[in-house]
**Student:** 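Just passing along the structure, written as structure tokens.
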Amino acid sequence: MESFKNQIKTQILMKFILVCSSFFTISLCISVLLLAKTKIVELSHSPQHDVSQSVPTTVDHLVFGIASTRTSWPSRKKYIKLWWNSIPNITMRGCVFVDALPHEENVKNDGSLPPLCVSQDTSQFLYTYKGGLRSAIRVTRVVKETVALNHSGVRWYVFGDDDTIFIPHNLVKTLSKYDHRLWYYVGSNSEIYEGTQVFGFGMAFGGGGFAISSSLAQVLAKVLDSCIQRYPHLYGSDSRVYSCITELGVGLTHEPGFHQVDLRGNIFGLLAAHPLTPLLSLHHPDHIDPIFPNMSTKTSLQHLFEAVHVDSERILEQTICYEKQLSWTISVSWGYAVQVFQNNMLLPEVLRVERTFRQWLAGNVLRGIYNFNTREVHPDPCKRGTIFYLDRVSSGKEGIMSSYKRDFQNCSYEASMSKLEVIKVVTNKLHLDNKQTPRRHCCDVLPSNAGNLMEIAIRECNYEELIYMN
């Protein structure tokens, strides 16, 4: 009987322990869930895990700081009009910083230009570069004063000159590759080796434009004046910005789509062999020939922007195809020009930049060395590529159609070439994927019964397709 009672007690005790264990387990699970929920709430409200970060970067997240002067603004603002507020339903943000307001600025701004801001006094800063302009200090502080505009929701600050021509959509596409919450300094070098060597391969040249992530810009703005004090001997503003960013331990993230254009004359070769990256900017339009023949500088840039507005991501993208029956090599610089070479040119040779331009400064051989591969212009015009310049571009249900008319030269072409007057190029709108390594597109010469017309279709290359004369 006693043994039976002990068994009962043991069973009751085991049940009690089991119930307690279950209760403890349930309590522990609830506590863990509550703790996890609290942590999720905390993370969702922290700056590092802001839900807004999942929103794609747009032009609304950019703020521009443009350096100008009272005297240069009246003649340079036509270049800003090309790209400012050029995207429908988007109002861009930023300011043009001048030393004083031009007299003509009594007219109300219609939104086609950014507002003007008068720079703060910089007389307290020392400038010792012999033969330089101390306005470089004022332009350096454009970085600080742009941040001080205190716009909300900024991810990137973009800086340039009043003759820097930006492609806003491509800027957004390129900058969205990077996390603006981290410290980024994005830009490119000069085209000339000597200039890059003198000022630094790690420096973004200001005329080509550069971008600074908002997180870095906030810190840079706080320490910039102290940096300026240490560098009175430097020539330009971009050298001072670079020096201060370097002191913060940040290096340049190189994006070759920014173009300083330290070149003179005809830059056709540079534009016709653009690197495999979106066009982000062009600089120095007053120092180069109009990019289209028989047009003014302003009109030729407006003509280029007709293609930019249709497909900015493809503008200047170089595509090569071969017409094997005629042994022609065809290079398409979309939205600008098509070149037809009456021989088989291997792809690496076509991709070299033809030296149609002059060096920025006359002088020693070093000033004629460039930071890209070049090839000489053939001395015989009949052995150069025949150029067809953009005539018009349109977009429809069947894709994008651009047509190019021949630039006539005094030369006796082959019979087939002498008849060719127009080249039409068919494409789909280009949507670059920032998660994939960029790959050059392929093109096909389409059958045509018209002797004066050639049609070309641009498409994605097949998986194992090679671009050569097959």
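Throughout, numbering of the chain's residues begins at 1 and tracks the sequence.
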**Student:** Got a sec: does the NZ of K424 have more than 12 other heavy atoms crowding it under 6.0 Å?
**Tutor:** no
**Student:** Taking the ring of Y178 and the ring of Y184, is the distance between their centroids below 6.0 Å?
**Tutor:** yes
**Student:** Output, in order, the C-alpha distance, side-chain angles, deciding distance and verdict of side chain to side chain contact (heavy atoms under 4.5 Å, CB included) for H274 and W334.
**Tutor:** CA-CA 10 Å; H274 194 266; W334 191 88; over 6 Å; no
**Student:** Does R392, at its CZ atom, have more than 12 non-hydrogen atoms belonging to other residues, nucleotides or ligands within less than 6.0 Å?
**Tutor:** no
**Student:** I'd like to know whether CG of D433 has more than 12 heavy-atom contacts from other residues, nucleotides or ligands below 6.0 angstrom.
**Tutor:** yes
**Student:** Please report the shortest heavy-atom distance between T146 and G65, naming the atom on each side.
**Tutor:** OG1-CA, 3.5 Å
**Student:** Answer with yes or no whether the side chains of H287 and R264 bring together a donor and an acceptor at under 3.5 Å.
**Tutor:** yes
**Student:** Is atom NZ of K429 surrounded by more than 12 heavy atoms (other residues, nucleotides or ligands) closer than 6.0 Å?
**Tutor:** yes
**Student:** Taking Y79 as the fixed residue, which of D286, D162, T164 is the one that meets the side chain to side chain donor-acceptor pair (under 3.5 Å) rule?
**Tutor:** D286
**Student:** How long is the gap from CG on L420 to CG on N452, to the nearest 0.5 Å?
**Tutor:** 7.5 Å
**Student:** Measure from the side-chain N and O atoms of T299 to the backbone N and O of M295, and report whether any donor-acceptor pair falls under 3.5 Å.
**Tutor:** no
**Student:** If we only count heavy atoms from C-beta on, is the M454 to I330 side-chain gap below 4.5 Å?
**Tutor:** yes
**Student:** Determine whether a donor-acceptor pair (N or O, by modelled atom type, separation under 3.5 Å) exists between the side chain of T427 and the backbone of M401.
**Tutor:** no
**Student:** For E323, is there any backbone N or O sitting under 3.5 Å from a side-chain donor or acceptor partner on S327?
**Tutor:** no
**Student:** Using the ring of each side chain (for Trp, its six-membered ring), is Y336 parallel, tilted or perpendicular to F268, with breaks at 30° and 60°?
**Tutor:** tilted
**Student:** For E255 and G257, indicate whether the former's side chain and the latter's backbone hold a donor-acceptor pair under 3.5 Å.
**Tutor:** no
**Student:** Minimum heavy-atom separation for V338 to I423, with atom names?
**Tutor:** CG1-CD1, 3.7 Å
**Student:** Ring pair (Phe, Tyr, Trp, His ring centres under 6.0 Å) between F258 and F205: does it pass, once the steps are laid out?
**Tutor:** CA-CA 9 Å; F258 291 101; F205 277 63; over 10 Å; no
**Student:** Can you tell which of F97, Y242, F210 makes a ring pair (Phe, Tyr, Trp, His ring centres under 6.0 Å) with F159?
**Tutor:** F210
**Student:** Between D262 and S190, is any side-chain donor less than 3.5 angstrom from a side-chain acceptor?
**Tutor:** yes
**Student:** Would E460 and R439 count as a salt bridge (charged side-chain N to carboxylate O under 4.0 Å, His left out) if you check the C-alpha gap in whole Å, the side-chain angles of each, and the deciding distance to 0.1 Å?
**Tutor:** CA-CA 9 Å; E460 290 187 16; R439 185 186 180 191; over 6 Å; no
**Student:** Strictly distance-based, threshold 3.5 Å: is any side-chain N or O of S215 a donor or acceptor partner for the main-chain N or O of H180?
**Tutor:** yes
**Student:** Between F64 and F166, what is the ring plane arrangement, given parallel below 30°, perpendicular above 60°, and tilted in between?
**Tutor:** tilted
**Student:** Ignoring hydrogens, what is the shortest heavy-atom contact between D238 and G206? Give both atom names and the distance.
**Tutor:** OD2-N, 2.9 Å
**Student:** Could you tell me whether a side-chain N or O of D311 sits under 3.5 Å from a main-chain N or O of L430, the two making a donor and an acceptor?
**Tutor:** yes
**Student:** Is it the case that the side chains of R155 and T57 hold a donor-acceptor pair, with the cut-off being a distance below 3.5 Å and no angle test?
**Tutor:** yes
**Student:** Under 4.5 Å between any side-chain heavy atoms of I137 and S237, yes or no?
**Tutor:** no
**Student:** Start with the C-alpha gap between R352 and E376, add the side-chain angles, then the distance that decides, and say whether salt bridge (charged side-chain N to carboxylate O under 4.0 Å, His left out) holds.
**Tutor:** CA-CA 9 Å; R352 288 177 174 267; E376 294 297 332; over 6 Å; no
**Student:** So, do M92 and L62 sit near enough that their side-chain heavy atoms are less than 4.5 Å apart?
**Tutor:** no
**Student:** Do we see a donor-acceptor contact under 3.5 Å between the side chains of E194 and Y370?
**Tutor:** no
**Student:** Step by step, would you call H254 with S188 a side-chain hydrogen bond (donor to acceptor under 3.5 Å, both in side chains)?
**Tutor:** CA-CA 5 Å; H254 186 246; S188 190; 2.9 Å; yes
**Student:** Determine whether V332 and Q318 satisfy the following criterion, side chain to side chain contact (heavy atoms under 4.5 Å, CB included), listing intermediate values before the conclusion.
**Tutor:** CA-CA 5 Å; V332 180; Q318 189 183 18; over 6 Å; no
**Student:** Check step by step if side chain to side chain contact (heavy atoms under 4.5 Å, CB included) holds for V445 and E455.
**Tutor:** CA-CA 6 Å; V445 178; E455 291 188 282; over 6 Å; no
**Student:** Measure the shortest side-chain to side-chain distance between D161 and H283 over non-hydrogen atoms and say whether it is less than 4.5 angstrom.
**Tutor:** yes
**Student:** If you count the non-hydrogen atoms of other residues, nucleotides and ligands that lie under 6.0 Å from CZ in F305, is the total more than 12?
**Tutor:** yes
**Student:** Strictly distance-based, threshold 3.5 Å: is any side-chain N or O of S176 a donor or acceptor partner for the main-chain N or O of K173?
**Tutor:** yes
**Student:** Which distance, rounded to the nearest 0.5 Å, do you find between the CG of L351 and the CZ of F372?
**Tutor:** 13.5 Å
**Student:** E313 and H169: side-chain donor and acceptor closer than 3.5 Å?
**Tutor:** yes
**Student:** Has the side chain of S75 got a donor or acceptor atom that lies under 3.5 Å from a matching backbone atom of S72?
**Tutor:** yes
**Student:** Report the distance from atom CD1 of I165 to atom NZ of K81, rounding to the nearest 0.5 Å.
**Tutor:** 14.5 Å
**Student:** Using only the SG atoms, establish whether C461 and C442 come within less than 2.5 Å of one another.
**Tutor:** yes
**Student:** Can you measure from CG (L116) to NZ (K77) and round to the nearest 0.5 angstrom?
**Tutor:** 8.5 Å
**Student:** Check whether any side-chain N or O of S213 sits under 3.5 Å from a backbone N or O of L182 as a donor-acceptor pair, and report yes or no.
**Tutor:** yes
**Student:** Using a 6.0 Å distance limit plus a 45 degree cone around the ring axis, check whether R367 lies over the aromatic ring of W360.
**Tutor:** no
**Student:** When you compare the side chain of R375 with that of E349, does any pair of heavy atoms fall below 4.5 Å?
**Tutor:** yes
**Student:** Taking the side chain from S402 and the backbone from G335, do they hold a donor-acceptor pair closer than 3.5 Å?
**Tutor:** no
**Student:** Please find the pair of heavy atoms, one from L390 and one from H303, that lie closest to each other, and give the distance.
**Tutor:** O-NE2, 2.8 Å
**Student:** Which value, rounded to the nearest 0.5 Å, describes the distance between L149 atom CG and C95 atom SG?
**Tutor:** 5.5 Å
**Student:** Grab the two heavy atoms, one from G153 and one from R93, that are nearest each other, plus how far apart they are.
**Tutor:** O-NH2, 3.9 Å
**Student:** Assess whether side chain to side chain contact (heavy atoms under 4.5 Å, CB included) is satisfied between F388 and V340, documenting all intermediate values.
**Tutor:** CA-CA 8 Å; F388 297 74; V340 179; 3.8 Å; yes
**Student:** Tell me if the NZ atom of K177 is crowded by more than 12 foreign heavy atoms within 6.0 Å.
**Tutor:** yes
**Student:** Side-chain contact, heavy-atom cut-off 4.5 Å: T277 with T174?
**Tutor:** no
**Student:** Are V426 and I458 close enough that some pair of their side-chain heavy atoms sits under 4.5 Å apart?
**Tutor:** no
**Student:** Got a salt bridge between R406 and E421, using NZ or NE/NH1/NH2 to carboxylate O under 4.0 Å?
**Tutor:** no
**Student:** If I compare all heavy atoms of D407 with all of P293, which pair ends up nearest, and what's the gap?
**Tutor:** OD1-CG, 4.3 Å
**Student:** Is there a side-chain contact between L248 and L220, using heavy atoms and a 4.5 Å cut-off?
**Tutor:** yes
